[in-house]
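Beneath this line is the structure, given in C-alpha cells, with notes to follow.
FYI, side chains are in, hydrogens and waters are out, and symmetry mates aren't considered; it's all heavy atoms of this structure.
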Amino acid sequence: MSDTTTDRTGEIVVDACTKAFGDTVAVDDVTLRIPGGEFFSMLGPSGCGKTTTLRMIAGFETPDAGQIVLQGVDVTATTPQKRNVNMVFQHYGLFPHMTVAENVAFGLKIKRLARDEIASRVAEVMRTVRLEGMEERRPAQLSGGQQQRVALGRALVNRPAALLLDEPLGALDLQLRKEMQLELKRLQGATATTFVYVTHDQEEAMTMSDRIAVMNGGVVEQVATPRELYQHPASPFVAGFIGVSNLISFRVDRREGDTLVMDLGDGQRISAAAAGHDGGSATITVRPEWIKLGDAGLNGRDSRVRGTVTDVVYLGSVTQLIVLLPTGERLTVHRLNDEVGANEPTPGQQVELRWAAEHSYVIAGGAPPREDDDPAATPDEEG
C-alpha cells in the first residue's frame, strides 16, 4: 500500500478489511482512513461491525482479508502488545488493591521505565485528567466518572499514537455521561492523540466527533462530519439512524426548473431540490424541525400537504406532532415551544404543512429501513 504522506503521527488506515465468524460476516470490505489527531467515531446498531473493526485495529482480531496500517506501517500481523495503541473499555478494569497513582503507573512499570520518568508522567497525566489530589485513593473511593478518568489516564500515560475507546461511557448515568462526553473531547484536544470511539449512541457521536463512520450490516454507509451526516445523509439507513428524520417515497411527476415535484392532487405537492437527480423514484428525507404549520410564507416551490394529527407529545423545548398524510405515510413535526400560551393542534385535527424544496434532501432509492432489519449481533460484536 503506497502513501506519500510524511507526517503520519497517529494515522490509522483500515484497508479493505473483512472479518467473518463462521458463516457470519461481521466486517465486509471496510476501508477507513483516520488522520492523526482526529476524534473519529464508529456509530451503528448492535451487530453492525464497529467493535470488530476496533478490535482489528487493536490487534485482538486478525482480518481475513485486508490490512491495518498504523503510522505508515503494516501492523496486520503484529500482536496487540507491539502496537502503539491503547484501548479503554466500558468496564474500566482498575486494580482495586492499587491506588489511583499506582493504577496509572502500571503500564510504565511493566515497561521498566526509570522511577523519575514514571513519577513525571503520572503527575502530568493526573493534571490532564483532573485527578490531582486523588493519587492515594483506591478505586472504590471514586465516583464512576473519576474511575473512568483513571482508566483514561492509565491509557494516556503510555503516550500511544491512538486511543481506542469501546463504549467507555455506557456504564454511567445520563447526566454524568454528558459531562464525560465534553471531558473526553477536551482530553483529546489537549493531548492531540488520535481517538477512535465506538458507540451506538448517535447524540454521543455527534457531540464529540470530528468525523463519524456510520456502519450497518458490516459495511460503512457513510463517513462525514456530524453536520454533513445530519443534513446530507447518503442512504435511508443513515437518515433514519442520525437524529429524527422523515423518510418519504418520492415519485417524480414533473420538473420545474431546478425543482422536482410529486403531485398529490387538490393543490398538494411534495417538492425537492433537483441537485444531481435525473428523475424517476427516490427516497427523500426531511427533518422534523424544517416542517412548518400553516401556509404563512408559502412560495411556489415549497412542499405543501394536508394531514391529520394522530399524536401530540410535549418534549420540553419542542412539541412533537405525528401527522398522517393522504399517502398513508406519517410525518414527525417538531414545533418549537417559544410562545407562551400558543395553541397546539390536537389529535384528529386537520393541519396544513409546508417546507422548502431545499429541505427535501434526495438520497439513495429504496425503502426506508425498519427496526427489525438490523442484523443480529455476532458473538464478538456486542455494540
Side-chain angles (χ1 to χ4, degrees), residues 43-46 174-175 177-178 200-207 214 216 226 229-233 235-251 262-272 282-298 302-363 366-374:
L43 173 68
S46 295
L174 179 61
Q175 185 60 39
R177 193 160 67 243
K178 289 182 177 295
H200 64 271
D201 186 325
Q202 57 93 12
E203 182 179 338
E204 190 168 271
M206 298 277 280
T207 297
V214 181
N216 180 36
L229 285 174
Y230 188 83
Q231 295 185 349
H232 302 124
S235 70
F237 177 83
V238 175
F241 199 80
I242 300 292
V244 178
S245 187
N246 296 292
L247 296 168
I248 302 172
S249 297
F250 185 72
R251 178 192 68 248
M262 179 169 73
D263 282 315
L264 301 177
D266 196 23
Q268 301 179 80
R269 56 186 271 163
I270 293 178
S271 307
T283 297
I284 64 170
T285 178
V286 56
R287 296 291 182 180
E289 66 271 20
W290 292 337
I291 302 174
K292 308 302 180 185
L293 297 179
D295 57 6
L298 184 71
D302 285 352
S303 297
R304 49 185 184 273
V305 295
R306 289 185 290 276
T308 303
V309 177
T310 61
D311 296 280
V312 179
V313 182
Y314 180 77
L315 298 176
S317 60
V318 299
T319 294
Q320 176 173 283
L321 310 176
I322 307 298
V323 180
L324 177 64
L325 301 185
T327 60
E329 293 176 300
R330 296 175 186 270
L331 293 189
T332 299
V333 181
H334 285 172
R335 187 177 185 188
L336 189 63
N337 291 328
D338 59 351
E339 296 181 23
V340 177
N343 292 326
E344 294 292 351
T346 57
Q349 183 176 335
Q350 294 284 312
V351 292
E352 296 265 354
L353 303 177
R354 62 177 171 82
W355 65 89
E358 291 75 14
H359 289 157
S360 292
Y361 183 71
V362 180
I363 56 179
R370 304 176 311 180
E371 290 184 4
D372 59 358
D373 286 337
D374 291 342

Inset, instruction - First locate atom CD of Glu204, then atom CE of Met206, and finally report the distance between them rounded to the nearest 0.5 Å. - result: 13.0 Å
Legend entry - Which atom of Arg306 lies closest to which atom of Pro326, heavy atoms considered: O-CD, 3.1 Å
Legend entry - Atom CD of Gln349 with >12 non-hydrogen neighbours under 6.0 angstrom: yes
Legend entry - Glu329 side, atom CD; Leu324 side, atom CG - distance, nearest 0.5 Å: 10.0 Å
Inset, instruction - Give the C-alpha distance, both sets of side-chain angles, the deciding distance and a yes or no for side-chain contact (heavy atoms from CB on, under 4.5 Å) between Leu293 and Leu321. - result: CA-CA 10 Å; Leu293 297 179; Leu321 310 176; 3.9 Å; yes
Inset, instruction - Kindly give the heavy-atom pair with the smallest separation between Ala272 and Val362, and that separation in Å. - result: CB-CG2, 4.0 Å
Inset, instruction - State whether Asp311 and Arg330 are salt-bridged, where the test is any N-O pair (Lys NZ or Arg NE/NH1/NH2 against Asp/Glu carboxylate O) under 4.0 Å. - result: no
Inset, instruction - Taking all heavy atoms of Phe237 and all of Pro45, pick out the closest pair and write down the distance. - result: CZ-CD, 3.6 Å
Inset, instruction - Locate the shortest heavy-atom distance separating Leu247 from Pro236; write the atom from each residue and the value. - result: CD1-O, 3.6 Å
List the atom pairs, donor and acceptor, that lie under 3.5 Å between side-chain atoms in residues 312-320 and the rest of the protein, sequence neighbours left out.
{"residue": "Tyr314", "atom": "OH", "partner": "Gly316", "partner atom": "O", "Å": "3.3"}
{"residue": "Thr319", "atom": "OG1", "partner": "Asn337", "partner atom": "OD1", "Å": "2.8"}
{"residue": "Thr319", "atom": "OG1", "partner": "Asn337", "partner atom": "ND2", "Å": "3.3"}
{"residue": "Gln320", "atom": "OE1", "partner": "His334", "partner atom": "NE2", "Å": "3.0"}

Inset, instruction - Would you indicate whether the side-chain heavy atoms of Asn246 and Pro288 approach each other to under 4.5 Å? - result: yes
Inset, instruction - Starting at CG of Leu331, measure out to CD1 of Ile291 and round the result to the nearest 0.5 Å. - result: 5.0 Å
Legend entry - By side-chain hydrogen bond (donor to acceptor under 3.5 Å, both in side chains) - contacts of Gln175 (at least two apart): none
Inset, instruction - With rounding to the nearest 0.5 Å, note down the distance linking OG1 in Thr332 to CD1 in Ile322. - result: 3.5 Å
Inset, instruction - Starting at CD of Gln268, measure out to CE of Met262 and round the result to the nearest 0.5 Å. - result: 10.5 Å
Inset, instruction - State, yes or no, whether a side-chain contact exists between Ile363 and Val238 at a heavy-atom distance under 4.5 Å. - result: no
Inset, instruction - Determine, step by step, whether Leu325 and Leu264 satisfy the side-chain contact (heavy atoms from CB on, under 4.5 Å) criterion, reporting the C-alpha distance in whole Å, the side-chain angles of both residues, the deciding distance to 0.1 Å, and the verdict. - result: CA-CA 10 Å; Leu325 301 185; Leu264 301 177; 5.8 Å; no
Legend entry - Min side-chain heavy-atom separation Ser245-Pro233 under 4.5 Å: no
Legend entry - Heavy-atom closest contact (Trp355 atom, Ser360 atom, distance): NE1-OG, 2.6 Å
Inset, instruction - Check whether any side-chain N or O of Arg269 sits under 3.5 Å from a backbone N or O of Arg304 as a donor-acceptor pair, and report yes or no. - result: no
Inset, instruction - For residues Tyr361 and Gln231, determine if any side-chain heavy atom of one lies less than 4.5 Å from a side-chain heavy atom of the other. - result: no
Legend entry - Verdict with reasoning, Val309 to Val333, per side-chain contact (heavy atoms from CB on, under 4.5 Å): CA-CA 10 Å; Val309 177; Val333 181; over 6 Å; no
Legend entry - Spatial distance of atom CZ (Arg335) from atom CD (Glu289) [nearest 0.5 Å]: 15.5 Å
